Amino acid sequence: SMAKKGAGGEESVVVPAQTEQAKQGPPRKRNPCPGIRCVGGRIYDPENGKTCHQCRQKTMDFAVACTQPRKKGLCPIHFCHKCLFNRYGENAEDMTKEAGWTCPKCRGICNCSFCRKKKGETPTGILAHAAKASGHSSVHDLLIKGSDMVVAAQTLSSLPKKIKKEHKKGNIKRALGTDDGTDGLLAQGDDNTGTDLNALLPVPISKKLKKDIRNESTDVPGTKIELPIGTPVTDIAGAELEVDDVGSALQFHEFCRTFAEVLKIRKGQPEKVLQVITGGGRIGREVPSVVADLHISLLSVIQEDREENPSDYSRNGDAWIIDTGKYISESTVISKELPVDCLSQGVLGYKKLSPSLKLHVLNFLCDEALSTTTLKNWVLKQHESATERKVAAREKFRAVKEKEKELKEKLTIK
């Protein structure tokens, strides 16, 4: 909903969204000890001045003190005469004459930034000019009229003086530029909730124009948009691959990176394997040791999970290649591309395989190893370790916050 009921029964506005942010310069450095100074006719005194609850400025301006009783004496809140008049339409001198005057905060109608945030609402910012331009007595009077009135008031305050005169004469439609018989709906801002009221405002548009915009936005473009053709990535870890093999190479490399510790994969070994595999027939009569070692390591994990005695394979032998072919033939999810017949021929059959098929064979062993108890337990262990580190970090953060709280309490006592 666009409005909420306050503690005193008043209707408070949920502020519409800021449509555009104004350009800001670099932040000015705050002077921690500004001393007594006079700015714009106001005397700022950090020692003897009274702090206004609304603007939070410590000045020597005339301020009204709240007389609402609390558990420990009276309410300590003050409101300066400017904020009281502009934000709530109350005269400070008249309020001091009243017996038992209570501040807007105690009445539940305070619209300062702190109180609005506590209610879950967004601060209004400077809204006094918009309230006066729209004929309201105060910001509070404008806010209780609802968000639509707030947007209209901001629009009016941003218009040229000539149009404002039309509004004062009572010609509301002409003032808002809707004398064409439309209802003067505003583009955006009707349903935008929870944002700054001091945003740059949308332009008034008619219902017909708003409908046309919606219709145009849903139309399919008549012309086909041609996207630029990208450059295929075929170099993975220094190995030049076919476009169709890039996914398989990335899958293998990620597997090795993740399980390097448990499988005892040496640094640079996955990259070297990819480079050798893509070298085609340039490998020698035997399968290079870096490739054979990785296949043998994966076979050992698979055999151990199947409660088979891990074979003592020789790098230069045919046994590990033949056993790999057997596991592929026994698999229920084998691909037709996997070369069972070639692998049964040992080294000679493996050398006949294309780089793409060699990569498929290697990924098959990686997938089989991934389903073993050894790797599953390792994944669970890593998850538990990560959870423990997370809990420890939270406890450390909590201890730091407690220490900070104790130091603040000590400084307050002093």
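Just so you know, these numbers come straight off a predicted model, no measurement behind them.
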If you count heavy atoms of other groups shown closer than 6.0 angstrom to [atom1] of [X], is the number above 12?
{"X": "Glu47", "atom1": "CD", "value": "no"}
{"X": "His129", "atom1": "NE2", "value": "no"}
{"X": "Tyr44", "atom1": "OH", "value": "yes"}

Student check: side-chain heavy atoms of [X] and [Y] closer than 4.5 Å:
{"X": "Leu142", "Y": "Ser134", "result": "yes"}
{"X": "His136", "Y": "Lys145", "result": "yes"}
{"X": "Val290", "Y": "Gln269", "result": "yes"}
{"X": "Gln57", "Y": "Cys80", "result": "no"}
{"X": "Val262", "Y": "Val301", "result": "no"}
{"X": "Phe255", "Y": "Leu250", "result": "no"}
{"X": "Ser248", "Y": "His360", "result": "yes"}
{"X": "Lys358", "Y": "Val273", "result": "no"}

To the closest 0.5 Å, what do you measure between [atom1] ([X]) and [atom2] ([Y])?
{"X": "Glu368", "Y": "Leu299", "atom1": "CD", "atom2": "CG", "value": "10.5 Å"}
{"X": "Leu407", "Y": "Thr412", "atom1": "CG", "atom2": "OG1", "value": "10.5 Å"}
{"X": "Asp367", "Y": "Thr372", "atom1": "CG", "atom2": "OG1", "value": "11.5 Å"}
{"X": "Cys106", "Y": "Ile77", "atom1": "SG", "atom2": "CD1", "value": "5.5 Å"}
{"X": "Ser300", "Y": "Tyr313", "atom1": "OG", "atom2": "OH", "value": "7.0 Å"}
{"X": "Leu357", "Y": "Leu362", "atom1": "CG", "atom2": "CG", "value": "12.5 Å"}

Determine the minimum heavy-atom distance between [X] and [Y], stating which atoms define it.
{"X": "Ala249", "Y": "Leu359", "result": "N-CD2, 3.6 Å"}
{"X": "Leu74", "Y": "Cys66", "result": "CB-O, 4.4 Å"}
{"X": "Thr278", "Y": "Leu274", "result": "OG1-O, 2.9 Å"}
{"X": "Leu375", "Y": "Ala369", "result": "CD1-O, 3.0 Å"}
{"X": "Leu294", "Y": "Cys256", "result": "CD2-SG, 4.4 Å"}
{"X": "Asp141", "Y": "Ile144", "result": "O-CG1, 3.2 Å"}

Side chains of Asp318 and Tyr350: any donor to acceptor distance under 3.5 Å?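 No, because no side-chain N or O of Tyr350 sits under 3.5 Å from a partner of the opposite role on Asp318.
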With a 4.0 Å cut-off, would you call [X] and [Y] a salt bridge?
{"X": "Glu254", "Y": "Arg257", "result": "yes"}
{"X": "Lys82", "Y": "Glu90", "result": "no"}
{"X": "Lys408", "Y": "Glu404", "result": "yes"}
{"X": "Glu330", "Y": "Arg306", "result": "yes"}

Before giving the answer on side chain to side chain contact (heavy atoms under 4.5 Å, CB included), spell out for Val347 and Lys351 the whole-Å C-alpha distance, their side-chain angles and the decisive distance to 0.1 Å. CA-CA 6 Å; Val347 175; Lys351 287 180 61 179; 4.1 Å; yes
Check step by step if side-chain hydrogen bond (donor to acceptor under 3.5 Å, both in side chains) holds for Asn86 and Lys132. CA-CA 9 Å; Asn86 291 331; Lys132 291 181 179 179; 3.2 Å; yes
Donor-acceptor pair, side chain of [X] and main chain of [Y], under 3.5 angstrom:
{"X": "Lys58", "Y": "Lys50", "value": "no"}
{"X": "Asp45", "Y": "Thr59", "value": "no"}
{"X": "Ser297", "Y": "Asp293", "value": "no"}
{"X": "His253", "Y": "Gln251", "value": "no"}
{"X": "Thr124", "Y": "Leu127", "value": "no"}

For the residue pair Arg56 and Phe114, would you count it as a cation-pi contact if the rule is NZ or CZ under 6.0 angstrom from the ring centre and within 45 degrees of the ring axis?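 Yes, Arg56 sits over the ring of Phe114.
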Please walk me through it: do Thr324 and Leu298 pass side chain to side chain contact (heavy atoms under 4.5 Å, CB included)? CA-CA 10 Å; Thr324 299; Leu298 293 171; over 6 Å; no
For Arg87 and Ser138, what are the C-alpha separation, side-chain angles and deciding distance, and is it a side chain to side chain contact (heavy atoms under 4.5 Å, CB included)? CA-CA 5 Å; Arg87 305 289 297 193; Ser138 65; 5.9 Å; no
Check against side-chain hydrogen bond (donor to acceptor under 3.5 Å, both in side chains), Asn111 and Arg116: CA-CA 6 Å; Asn111 54 49; Arg116 285 185 68 85; over 6 Å; no
Using salt bridge (charged side-chain N to carboxylate O under 4.0 Å, His left out), reason through Lys405 and Glu402 one step at a time and then give a plain yes or no. CA-CA 5 Å; Lys405 185 178 178 181; Glu402 289 293 332; 5.3 Å; no
Could you walk me through whether Gln68 and Arg107 pass the side chain to side chain contact (heavy atoms under 4.5 Å, CB included) check? CA-CA 10 Å; Gln68 176 72 16; Arg107 281 179 274 163; over 6 Å; no
Once you measure the plane-to-plane angle for Trp101 and Phe79, does it fall in the parallel (<30°), tilted (30-60°) or perpendicular (>60°) bin?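 Aromatic pair Trp101/Phe79 classed perpendicular.
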For a side-chain hydrogen bond (donor to acceptor under 3.5 Å, both in side chains) check, start with the C-alpha distance between Gln54 and Tyr88, then their side-chain angles and the critical distance, and finish with the verdict. CA-CA 11 Å; Gln54 186 76 38; Tyr88 305 97; 2.7 Å; yes
